[in-house]
Amino acid sequence: MSSDNQRVRSIDPETLPKHFAAIEAEKRWDDRWEAWGTYRYDPTRPRDETFVVDTPPPTVSGSLHIGHLFSYSHTDTVVRFQRMRGRNIFYPMGWDDNGVPTERRVQNYFHVRCDPRIAYEPNFALEPATAKIRKQRPREISRQNFIELCHGVTEEDEQAFMEVWRRTGLSVDWTQTYATIDDHCRRLAQLSFRDLFEKGHVYNVDAPFMWDVDFQMALSQADVEDRLQTGAFYDIEFGVDGQDRGFAISTTRPELLPACVGVTAHPDDDRYKNLFGKHALTPLFRVPVPIFPSEVADPEKGTGILMVCTFGDSTDVDWWRQEGLALRQLIGHDGRLVSVEFGSENFPSRAAESANRYYSEFVGKNVAQARKVIAELLRDPAGSATGKGAPLLGEPRPVEHAVKFYEKGDRPLEFVQTRQWFVRLLDKKQALLEKGEQIRWHPDFMKVRYRDWTEGLKLDWCISRQRYFGVPIPVWYPLDDDGNPDYANPIVGEREQLPVDPMSDVPHGYTAERRDQPGGFSGEPDIFDTWFTSSLTPQIGSHWEIDDARHAQLFPADIRPQSHEIIRTWAFYTIAKALLHEDQIPWKNVLISGWVLDPDRKKMSKSAGNVQTPLPLIDQFTADAVRYWASSARLGTDTAADPKIFKIGKRLSTKLFNAGKFVLSQTADVHPIVNELDRSFIARLRDLVERNTRCFEDFQHAVALQETESFFWTHFTDTYLELVKHRARAEGAGNASSRGSAVAALRLGLDVLLRQFAPFLPYISEEVWSWVYAEERGERSIHRAPWPGSEDFRGIEPPSSDASFDVAVACWAAINKSKADAEVSMGRETLRLTIAASPKSLALLEPVLSDVLAAARCENHALAGRPELEEGVFEILDAEFAPKAEKAPR
RNA sequence: UGGCACGUAGCUCAGUGGCAGAGCGCCGCCUUGACACGGCGGAGGUCGGCGGUUCGAAACCGCCCGUGCCAACCA
């Protein structure tokens, strides 16, 4: 070797540890990436170079589980690919701390209750409640002070969450972090409300609406789920007012009998036709109620005729509206029956005295208790509306039926008349559906969930919640001279004034003294539905209404990753907001990750008690290994948390470590890639890169991982590397070219494969990259290195035959099989053998034969043409292997 | 009740019209100089069932069965 030739940069394998010390390396790289600003967003670069992620803000009360890690890993894989393609990545993290879970935690932790009427107390601080304090009544504090306590508690959680994300290797730009309760987000949410108000998309109305009696708050359609419950049909005999006859209705809610306001049956039902226009008389309470026909009544169900109450379900509300029925609200906000006076104007009765006697047994009871009471009373013949015996006919018949519940609630919803704020959506279904079509959904079929939900929308979006920890609705109401609020003319906070808390801040044009005074103003005590803020995450990142230039850079986002169970909430509301504010789509692509299942294929969830937390898994298997498992799942596919898969990932990263050690410890002169086998390997590598690039562009990361892993194992370590390792080590002046070609191809192979793996296995790929490539390529982090492309293969001649690589591998495998059959090690020297194959195959073998023979350690060989053998098939004849050496020379 | 997805080797899953695949597990062998946290070789499948389209179906169509999810079913 002449001394003026340039040597490749190599490592001394002795300087590397025997095994990859993952935990140490993960920490080291996390620190360096942070110090280097590897994942920092650059606001000076143009939009078309920027890739924007609308990150899901995890709820910070509670803890992250492996399902979070799963879907966030998918996002990170996409992001790392795009970064290597040169895109300027905007990848923030958000914390969702609004909502009921945080509220409950703070109430318990400090033993406090929020009362929004109380004034803010500056410099307020509390210690966690002691046992002694807990025995006293909870301390009542202002909303702003309550929010500050929530902040304190959530900050600890945020730190813990950030630690998990860092150890997962998420390439988040932590300088862009937001929290849904912080000033910025409250301002954005209130700006959103103001914009919707100005555009006429929001309204408030006092009307019956879905209500959870435990949380004592209104709900939106998306908060509600059906649960199958066992109930019972009660057949109850009603009288006909002024006549001596009766009929039987069927109901599952007999306790609402005192709230009965009407009776209805199908207009074509011959049994009841003659009753329409007359009045029925309820048993026990003897209230006359109108009997009217309704198409909605099902003659097949129950007795075919039913009572309409205030309010058993949403159909009752419809009838109440359509028929102009009376309103007899018995169920209070707390779910207990309120006191009423039969014989009064709104509760007429033909027997007020007995009605009040009966009803006195209901007052203060909850629904379940009231049902028991009425079940007994209905057995009393004295209560009959017809005088023909007990009102209850027969025994209640058990029935399974769907009942609406708040998804976080324990008792069925009631319909209660309250004043709430709404966003008008029902008139915008078509536009919402069109926006859904403009967004690309991955996998595509998830779009159906959005479409079904949107088409099935029955109610406008109720956005007011009777809670404290959240974003206040920025509204005050003028009070007239009698002190009554003018809800039709609310005062909305001015843009520059936001964020405001109307319970402590004062509207423009008023002074604080005029709060709750006649002629003054009154603040809205409610807060927004948590989705009202969460639906703005793209705008929160882009600083909509605050920084127009930044908004133009970052909106709409490129991707929205999320899970499928919140398509009807988070995705739906975000699309709605972008539509209402700017007639835009909020993002170009939605990436839906599946659920993580436990080893028994059950959904992993807190309520099921089968959750796994990420850190122990990372400690045990390494972050790369856990990410490998996550990345191996396609979008939308539910996936079991399987230790077997983590182990495969760990094995892969070990293999990369070892292969890297081998390849980069080879020494040789810098030399072009010229040998046939080397060129055919590089041609294969080039195909891989092209396929993977297409996969990533189409969000098929799992396919890219599978392809890369399979190539790495099947075409690199198990074959190519074994076939050329002898040539790569061959000393001697005559070997400089072939040796240099082998080393160059090995190094290019490793280089490209590391970069193919980098989005999935950020730590091990960075580690191996740092040994040589970082300096050699002038890119200190692989995660900022360019994604491989044609420039990596420039100047390398294609192989003379596309088949060279396969032929070499097939021939070598045939020799290996003969060794396996002879039960000798693969490394055993082969004294002689005959390679039989078709003449064509032998011709193809010729340019790579020397590498095959070297790998087989074969000293003497013969070739035998066998036209009958299929092309590419090799048979080994007359193989003779050296006897086992006593001991290896080294 | 409707919609969507899924059903392929013992397990976990790839495979969108052309010879049924991978990893794990299993069996046998090999300590070779990157790696025993390794390597080589092997066994193992009627692709849920039935019918259809096609020269050809695991794949496309229809029906059925099973599993999961979503939505509905509230008198």
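Please read all numbers here as calculations on a predicted model, not as lab measurements. The sequence lines fix the lettering, A, B, ..., with proteins before strands; numbering per chain opens at 1.
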Flag the pair A:R328 / A:V287 as yes when at least one side-chain heavy-atom distance between them is below 4.5 Å, and no otherwise. yes
Determine whether A:Y628 and A:F621 make a side-chain contact, defined as any pair of heavy atoms from C-beta on separated by less than 4.5 Å. no
Which value, in whole Å, describes the distance between the [atom1] atoms of nucleotides [N] and [M]?
N      : M      : atom1 : value
B:rC73 : B:rA5  : P     : 23 Å
B:rG2  : B:rG44 : C1'   : 41 Å
B:rA57 : B:rG42 : P     : 29 Å
B:rG23 : B:rA43 : P     : 14 Å
B:rG10 : B:rA72 : C1'   : 40 Å
B:rC26 : B:rC65 : P     : 39 Å
B:rG15 : B:rC6  : P     : 10 Å
B:rC29 : B:rG49 : C1'   : 42 Å

So which nucleotide does [N] pair with, by the Watson-Crick or G-U wobble rule with both distances under 3.5 Å?
N      : result
B:rG23 : B:rC11
B:rC50 : B:rG62
B:rC69 : B:rG3
B:rA34 : none
B:rC40 : B:rG28

Verdict with reasoning, A:L688 to A:F712, per side-chain contact (heavy atoms from CB on, under 4.5 Å): CA-CA 10 Å; A:L688 172 79; A:F712 172 69; over 6 Å; no
Counting just side-chain N and O atoms, does A:K725 come under 4.0 Å of either OP1 or OP2 of B:rG33? no
Would one find a side-chain N or O of A:R729 under 4.0 angstrom from OP1 or OP2 of B:rA34? yes
Can you say whether the rings of [X] and [Y] are parallel (under 30°), tilted (30 to 60°) or perpendicular (over 60°)?
X      : Y      : result
A:W629 : A:F646 : perpendicular
A:W595 : A:H564 : tilted
A:F711 : A:H715 : tilted

Output the rounded distance in Å from [atom1] ([X]) to [atom2] ([N]).
X      : N      : atom1 : atom2 : answer
A:D638 : B:rG68 : CG    : P     : 12 Å
A:D226 : B:rC70 : CG    : C1'   : 11 Å
A:E565 : B:rC70 : CD    : P     : 8 Å
A:E407 : B:rC70 : CD    : C1'   : 14 Å
A:M446 : B:rC6  : CE    : P     : 10 Å
A:I645 : B:rA14 : CD1   : C1'   : 12 Å
A:R828 : B:rU31 : CZ    : C1'   : 12 Å
A:L652 : B:rA22 : CG    : P     : 18 Å

Quick check on RNA chain B: between A:F662 and A:V399, whose nearest nucleotide comes earlier from the 5' end? A:F662
Nearest nucleotide by nearest heavy atom, which residue falls closer to the 5' end of RNA chain B, A:I249 or A:K603? A:K603
Where do A:R321 and A:D316 land on the salt bridge (Lys or Arg N to Asp or Glu O under 4.0 Å) test, with the steps shown first? CA-CA 9 Å; A:R321 284 221 175 86; A:D316 280 350; over 6 Å; no
Below 6.0 angstrom between ring centroids: does that apply to A:W769 and A:F757? no
Within 45° of the ring axis of A:W441 and under 6.0 Å from its six-membered ring centre, is that where the NZ or CZ of A:R451 lies? no
So, with a heavy-atom separation below 4.0 Å from RNA chain B, the residues of residues 299-314 of chain A are A:K301, A:L306, A:D313
[X] side chain: which of [options] is closest?
X      : options                : answer
A:L721 : B:rA34, B:rA14, B:rC70 : B:rA34
A:A402 : B:rC24, B:rC4, B:rC73  : B:rC73
A:R634 : B:rA14, B:rC24, B:rG28 : B:rA14
A:R857 : B:rG33, B:rG28, B:rG3  : B:rG33
A:Q221 : B:rA14, B:rA72, B:rC30 : B:rA72

Does either side chain, that of A:T719 or that of A:W812, offer a donor lying less than 3.5 Å from an acceptor on the other one? no
Side chains of A:D624 and A:S653: is there a donor and an acceptor less than 3.5 Å apart? no
Tell me if the CD atom of A:E870 is crowded by more than 12 foreign heavy atoms within 6.0 Å. no
Could you run through nucleotides 37-43 of chain B and give me one letter per nucleotide, 5' to 3': B if any protein heavy atom sits under 4.0 Å from the base, S if only the sugar-phosphate is that close, - if neither? BSSSSS-
At 4.0 Å (heavy atoms only), tell me whether A:A702 reaches a base, stays on the sugar-phosphate, or touches nothing. nothing
